[in-house]
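As structure tokens, the structure follows; a few thoughts come after it.
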Amino acid sequence: MGLFITFEGIEGCGKTTQIDLLKKYFEAKGRDVLSLREPGGTELGEKVRGILLNSSSEPIDAQAELFLYEACRAQLVSRIIRPALSEGKVVISDRFIDSTVAYQGYGRGLDIGSVSLMNAFATGGLIPAVTFLLDCEPEVGLKRAWERIDASTGPREDRFEKENIIFHKKVREGYLSLSRAEPRIRVVNASGEIPSIHGEICDIINKMREFDRKSDIK
Ligand code: Z5A
């Protein structure tokens with residue numbers, strides 16, 4: 001069986017940067033690594049991603065938004081994540097179930113219990129072995145995210161960045177509250193330097209005996 005790791009946090013907290021570094025870290029240890037992003041990772045998921053993230057689309061109802069994220073996730077879990085895990089791969093996902101609780105639950109105000117049930121239904125109960133919550137002030141993350149968006153030549157995926165600061169603060173509080181309830185969620189301060197954040201993540205992985213057994217990481 002492989003190893004399933006997820007990264008979570010507000011916009012611009014540095015997930016993509018840290019996932020790239022962690023992927024290289026595992027590969028240097030001889031592991032086969034698959035890195036993915038949500039929404040996305042399948043043909044269906046990438047199409048729906050365009051609907052969800054491009055602000056030129058018509059306004060999306062909160063419940064409709066929830067179903068779209070869960071549809072992407074169901075496709076990704078059954079077609080990509082479960083097969084990769086059964087081949088023994090390390091699967092690292094940029095966002096997963098906790099994003100839906102934080103954004104659609106705490107951010108949009110949908111009932112948390114219903115969101116959790118939808119997550120369980122879409123994933124068939126798949127839970128990551130560990131989740132890194134990269135935590136920083138929304139002002140810090142949004143500044144980084146806008147710089148990245150402005151520098152990008154691809155489609156302008158800025159629907160969430162345009163939400164007001166109160167929304168982003170609610171999402172952050174949602175994540176922190178989840179981390180207090182779920183021991184698998186490890187909070188990492190994302191305001192520091194990129195190499196030191198990477199070092200902290202590797203330390204957490206290496207200290208987990210479960211990982212030592214599964215992945216021969218020394
Ligand atoms: N969403 C949802 O509502 N419900 C769900 O169930 C799911 C998602 C699954 C996905 O957007 C959106 O969907 C997301 C939530 C919602 N909201 N938004 N937007 P996305 O995947 O396009 O965006 P994102 O997940 O927020 O990623 P991001 O903005 O690309 O941020 P990131 O991956 O966390 O950060 P990064 O790309 O690694 O870094 C951003 C910039 O900061 C970049 O220039 C880096 O070089 C720089 N950086 C990174 N780390 C540092 C440090 N430590 N110091 C200084 N600069 C840094």
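Counting starts at 1 for both ligands and their atoms, in listed order.
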*Just go through Glu8, Lys15, Glu11 and tell me whose heavy atom is the nearest to atom 27 (O) of ligand 1.*
Lys15
*Does the pair Arg184/Asp98 count as a salt bridge with the N-to-O cut at 4.0 Å?*
yes
*What do we get for Arg37 next to ligand 1 when only non-hydrogen atoms under 4.0 Å count, side chain, backbone, both or neither?*
neither
_For Arg148, which part has a heavy atom under 4.0 Å from ligand 1: side chain, backbone, both, or neither?_
side chain
_Side chain or backbone, does Gly12 bring an N or O within less than 3.5 Å of an N or O on ligand 1?_
yes
_If I apply the N/O under 3.5 Å rule, does Gly14 come out as touching ligand 1?_
yes
*Give the atoms of ligand 1, by number and element, whose distance to some non-hydrogen atom of Ile197 is under 4.0 Å.*
53 (N)
_Proximal ligand 1 atoms for Glu38, defined as those under 4.0 Å from one of its heavy atoms_ = 9 (C)
*Where the closest heavy atom to atom 15 (C) of ligand 1 is concerned, which of Phe96, Phe7, Tyr103, Trp146 has it?*
Tyr103
*For Thr17, atoms of ligand 1 separated by under 4.0 Å from a heavy atom*: 36 (P), 38 (O), 39 (O), 45 (C), 49 (C)
_Heavy-atom nearest neighbour of atom 57 (C) of ligand 1 within options Arg144, Glu65, Gln104_ = Arg144
*asked:* Out of the candidates Arg108, Lys170, Arg95, only one should pair with Tyr103 under the side-chain hydrogen bond (donor to acceptor under 3.5 Å, both in side chains) rule; please name it.
replied: Arg95
*Does Arg49 have a non-hydrogen atom less than 4.0 Å from ligand 1?*
yes
*For the pair Glu11 and Arg172, find out whether any cationic side-chain nitrogen is under 4.0 Å from an anionic carboxylate oxygen.*
no
_Give the atom numbers and elements of ligand 1 that come within less than 4.0 Å of a heavy atom of Thr100._
5 (C), 6 (O)
_Closer than 4.0 Å to some heavy atom of Arg73 - which atoms of ligand 1 meet that?_
6 (O), 9 (C)
_Glu27 with Lys23: basic N within carboxylate O range, under 4.0 Å_ = yes
_Between Asn119 (side chain only) and Ile97 (backbone N and O only), is there a donor and an acceptor less than 3.5 Å apart?_
yes
*Is the NZ or CZ atom of Arg73 both under 6.0 Å from the centre of the six-membered ring of Phe96 and within 45° of that ring's axis?*
yes
*asked:* Looking at Glu147 and Lys143, is there a salt bridge between them, counting it only when a charged N and a carboxylate O are closer than 4.0 Å?
replied: yes
*Region of Leu134 engaging ligand 1 - heavy atom pairs below 4.0 Å*: neither
*Between Glu38 and Ser93, is any side-chain donor less than 3.5 angstrom from a side-chain acceptor?*
no
*Where's the contact between Arg95 and ligand 1, heavy-atom distance under 4.0 Å: side chain, backbone, both or neither?*
side chain
*Ignoring hydrogens and angles, tell me if any N or O in the side chain of Ser152 forms a donor-acceptor pair with the backbone of Arg148 under 3.5 Å.*
no
*asked:* Taking Ile60's backbone N and O only, do any of them form a donor-acceptor pair with Glu65's side chain (distance below 3.5 Å, no angle check)?
replied: no
*asked:* Under a 4.0 angstrom heavy-atom cut-off, which atoms of ligand 1 come close to Gly192?
replied: 52 (C), 53 (N), 54 (N)
*Got more than 12 heavy atoms from elsewhere within 6.0 Å of CZ, Arg82?*
yes
*Does ligand 1 have any atom that is closer than 4.0 Å to a heavy atom of Cys13?*
yes
